[in-house]
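These notes are about the structure you will find just below.
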Number of protein chains: 2
Amino acid sequence: MANHVKLAKGNADRPARKRATSYDVAELAGVSQSAVSRVFQAGASASKDMRDRVLSAANKLGYRPNAIARGLITQRSNMVAVVISRQTNLYYPEVLVQLTQRFSEHGIRVLLFTLEHERDIDGVIEQVLQYQVDGVITAAILNDAQLDTVENAGIPVIFYNRTLPERLVNSVRCDQEEGERWLVSQLAAAGHKRFAIVSGPDDSSVSMERTQGALQKLRELSIADVLIVSGDYGYASGRAAFSEIMQRMGGVPDAVIAANDVMAIGCVDEARETNYLRVPEDVSIVGFDGVGPARYAAYDLSTVRQPVGRMSEAAVSMLIERIESPGLSPEKRVFSGDRIIGGSALLADSNS
Amino acid sequence: MANHVKLAKGNADRPARKRATSYDVAELAGVSQSAVSRVFQAGASASKDMRDRVLSAANKLGYRPNAIARGLITQRSNMVAVVISRQTNLYYPEVLVQLTQRFSEHGIRVLLFTLEHERDIDGVIEQVLQYQVDGVITAAILNDAQLDTVENAGIPVIFYNRTLPERLVNSVRCDQEEGERWLVSQLAAAGHKRFAIVSGPDDSSVSMERTQGALQKLRELSIADVLIVSGDYGYASGRAAFSEIMQRMGGVPDAVIAANDVMAIGCVDEARETNYLRVPEDVSIVGFDGVGPARYAAYDLSTVRQPVGRMSEAAVSMLIERIESPGLSPEKRVFSGDRIIGGSALLADSNS
DNA sequence: CTCCGGTTTGCATGCGAATGCAATACTGCC
DNA sequence: GGCAGTATTGCATTCGCATGCAAACCGGAG
C-alpha cells in the first residue's frame, strides 16, 4: 500500500531527472572524466583500483555512456539503416528479425525505415544520411542519383534481393530466375502445355525477375502462348487472377505459375472453391518464397524457398566488412533457392 | 563506357570523403555557423537573402544537418526504441510497419530491438538507454527493476499488448479475455460439451491471458473438464497438439480453442489429414488474431482479430504525448477484437 | 534627421564523451 | 638506492550543432 502511493508520487512529479554524465561519475569517484571514459572502453588502460572506484560510482548514479555523444566524437554511430517496404516485411518478417539479431551480436543497432511502396524512397535517403548511420541495407531499389548521394557520403550500401546490373554495387539475393526456370522445366517435363503466369506488383523488381525467368524458359521450350495476369502479391489478388485466367483462356490451364506463394494459395482456393477443380490433377499451381503457409497441408505448394538465414547473414557480414574496410571492392552474392516439391503441382520429379 | 570507368575509380579510392559541416557551409556562403543552423530549423528567423545563399551553399556541398550532434545539444534524439520478440514480429509483421510509418510522420525514427525470446530483455534495456531514445514501445514484459531503470532515466514507456496490473504504466492492448469469452460462449451455445485448449508458449503473457479467459468462461458455464495441451504458436505444434488431444481424450473433442490462428490451422489440418474428420461437422476449431491465413478458404477460421491499426496508432500517439508532456499520468487503453465468424466452427451465431 | 521597436545576424558557449600528449606513478633490474 | 621502461592518469581539445545574448540593421513615425 505504502509502496503503491510512493510509486504514484514518483511518477507524477519526477520530471525526467537529469541523466548522470561521465563528469558526475568522475567527481564522485574522485578521478578525471577521461578516466571514466577509459573504464567504459574495451582496450583502455586503467588500474584495478580505479576501475573499481569508477564502476561503483557509476553504479550508484545509474550512469551509462551516452551513445550519441560517443558517436559524435568517434564518427561511428554503431547504427545501420535497414530500408524495407511494407510488402517485404509482410511476406518475410523473418528478414528483419534476422538482420537485427545478427547486427546486435556485433554491437550494431538497426534504425528501421519502412516504405509504403518501394518508390517512396526519396525522403528516406535524407533521413538515413542525417542519422549518420555506418551503413545501409536496402530491400528497395535506389536510382543512380540516390545511390550516388549515399556513396558520396561514404556510407556502404548492400542491396537485399535487388541489384543494379549496370553498376558496381554490393548485393545479396536469391536467384529468382534460376528458381523459375527449374519450376518451368519441371512442369513442362510433366507434360503441361497451357501455361499462365500471375505476376506481382509492377514496382517489384523481384516479381519482374521471376516473371521474366519463367517466360524465358518457356520460350526456350517453345511454349510461346502464355497468358500473364497481374496481381499484388496478396491472397485476394491470387483468387482474382485465377478467375481471370479461367475467363481469358476460356478453360482450365495446365499450370499456373504465381510470382509468390500467397498468390499461389489464392489460385488454389479459387480453383477448388469456385471452379470445383482438383489440384494438382486438373491444374498444377506453383509459387515462390517458401513462406510458412506454403507448407500447410491444405496447400502443400511446390515452390522455391529463399534461404533467408544465409542471405541475411551474408548481408550483415558484407556490410560490416565494408564499414571496417571502406576500400573493399563491390561483391554480388547470389543464392540458389531450395527446391520444394509439394502436392500442388504435377512435376517431373514428383515421384522421386 | 567512360562513365563506367569513372565509377569504378570513384568507388575504389574515395575513402569516405569527409562530410560537410555547418561551418563549411557557413564559410562558403559567407555567413556565420549559427546562421546555417537557423536556416535548417523550423521557426528560426532568417532573411530571404541569407536563406538562399545558405541553401545554395549547402546544396553545393551536399550538406545535411547531423542528427547525432543535434540530438546531443537538444537532448532529443528523435528516436524511439521498439522492442519486439521474434514471435511477435512473425505473427504480426504489420505492427512493426505501422509503428514505424506512424512515427515517421511525426519526424521520429525507430531503433529496433528484437528478442529471440521475451525473457532476453536484460541486455536490451542497457542498449536502449545508451542510445538516448526519447521513448520506448515494448511488446515484451519488463520486470519491476527493469521498468524502474527506464523510468528513472525519464523515458516514457508504452506496453504493447502487455500490461502490469500492479503498476501504473501506459499500455495499449487487445482484450484477449473478452475475445476468448465470446468464442467460448458461442461454442457452448452451439451445444459443444467437450473442450480442449491449445495454449501458447509459457513466456507469452498473451497466451496466458487467452487461456485464462477461455478457462474462466468455461468454468462459469460449468464446463469443468477441459484438457489443456501446450504449443509454441507454430503450425507444427498445432498439429502435434491436436494429435495429443485425440490421444489423451480418447476420442474427438467437440471444440478446440487454440491460442492463436496458426495453431488453429495446424489443428484443422491434423483433424482432416490424419484423423479424417470434417471441420466443423465433427469438430469445431477456433483461433485468435485474425492473421492473413485465417481467411484462406481452406480454413476460414472463426477467430477474433486484433485491431492492429488502431492499436498501433494509439501506442504512437500515447508515446508522443508523453514525450512532449513528461508529467502526463499513465493510461491503459484496451481495444476489443473484431469478432469473425468463419466456417471452422459451429457457433451459435453461425447462421446470422 | 533622429529615435524607437522589431528583425537579422554573429559571438561565445555547451551538450557528453574520446583521445593525443605530457605528467606522474609504478615496475623490475643492476 | 637509482634508473630506464612501462603502465596510469589528467589536461585540454575536439566532434557538429543549437541557442542566449548583444550588436547591427531596417523601416517608419515624429
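Order of the sequence lines fixes the chain letters, A, B, ..., with proteins taken first and strands second; residue numbering starts at 1 for each chain. We use all heavy atoms of the structure for the numbers below, so side chains are in, but hydrogens, waters and symmetry mates are not.
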Quiz item: Is the closest side-chain heavy-atom distance between B:Ile137 and B:Phe103 below 4.5 Å?
Solution: yes

Self-check item: Test item: B:Asp134 and B:Asn78 side chains (from C-beta on) under 4.5 Å apart, heavy atoms
Solution: yes

Quiz item: Hey, is CD on A:Glu27 packed in by over 12 heavy atoms from elsewhere, all under 6.0 Å?
Solution: no

Quiz item: B:Asp49 or B:Ala69: which one's nearest nucleotide on DNA chain C is closer to the 5' end?
Solution: B:Asp49

What's the closest nucleotide to the side chain of [X] if the choices are [options]?
{"X": "B:Ser32", "options": "D:dC11, C:dC11, D:dT19", "result": "C:dC11"}
{"X": "A:Leu72", "options": "C:dG16, C:dT19, D:dA18", "result": "C:dG16"}
{"X": "B:Arg38", "options": "C:dG16, C:dA18, D:dC21", "result": "D:dC21"}
{"X": "A:Ser22", "options": "D:dC15, C:dA17, D:dT19", "result": "C:dA17"}
{"X": "A:Met50", "options": "C:dA17, D:dA18, D:dG10", "result": "D:dG10"}
{"X": "B:Ser37", "options": "C:dC15, D:dA18, D:dT13", "result": "D:dA18"}
{"X": "A:Ile73", "options": "C:dC15, C:dA12, C:dA17", "result": "C:dA17"}
{"X": "A:Ala35", "options": "C:dG16, D:dG10, D:dC21", "result": "D:dG10"}
{"X": "A:Ser34", "options": "C:dT19, D:dC17, D:dC15", "result": "C:dT19"}

How would you label the contact of [X] with the nucleic acid (heavy atoms, under 4.0 Å): base, sugar-phosphate, or nothing?
{"X": "B:Tyr23", "value": "base"}
{"X": "B:Ser47", "value": "sugar-phosphate"}
{"X": "B:Val36", "value": "nothing"}
{"X": "B:Arg64", "value": "sugar-phosphate"}

Grab the [atom1]-[atom2] distance between [X] and [N] for me, whole Å please.
{"X": "B:Lys48", "N": "C:dT9", "atom1": "NZ", "atom2": "C1'", "answer": "18 Å"}
{"X": "B:Ile68", "N": "C:dA18", "atom1": "CD1", "atom2": "P", "answer": "14 Å"}
{"X": "B:Arg19", "N": "D:dC17", "atom1": "CZ", "atom2": "C1'", "answer": "15 Å"}
{"X": "A:Tyr131", "N": "D:dC17", "atom1": "OH", "atom2": "P", "answer": "14 Å"}
{"X": "A:Asn78", "N": "D:dC15", "atom1": "CG", "atom2": "P", "answer": "20 Å"}
{"X": "B:Asn66", "N": "C:dG16", "atom1": "CG", "atom2": "C1'", "answer": "14 Å"}
{"X": "B:Arg76", "N": "D:dC17", "atom1": "CZ", "atom2": "P", "answer": "19 Å"}
{"X": "A:Gln41", "N": "D:dT9", "atom1": "CD", "atom2": "P", "answer": "14 Å"}

Check the phosphate of [N] against [X], side-chain N and O only, distance under 4.0 Å to OP1 or OP2. Yes or no?
{"X": "A:Gln132", "N": "D:dC15", "value": "no"}
{"X": "B:Tyr63", "N": "D:dC17", "value": "yes"}
{"X": "B:Gln75", "N": "C:dG16", "value": "yes"}

Quiz item: Do the side chain of B:Gln33 and the base of D:dA18 come within less than 3.5 angstrom through a donor-acceptor pair of N or O atoms?
Solution: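 Answer is yes: a donor-acceptor pair is held.
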
Quiz item: Could you walk me through whether B:Gln41 and B:Ser37 pass the side-chain hydrogen bond (donor to acceptor under 3.5 Å, both in side chains) check?
Solution: CA-CA 7 Å; B:Gln41 270 178 84; B:Ser37 170; 3.3 Å; yes

Quiz prompt | With A:Ser312, the side-chain hydrogen bond (donor to acceptor under 3.5 Å, both in side chains) member among A:Gln98, A:Glu94, A:Gln101 | solution = A:Gln98

Quiz prompt | Short N-O contact, A:Arg167 and A:Asp148, less than 4.0 angstrom | solution =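 Answer for the salt bridge query: yes.
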
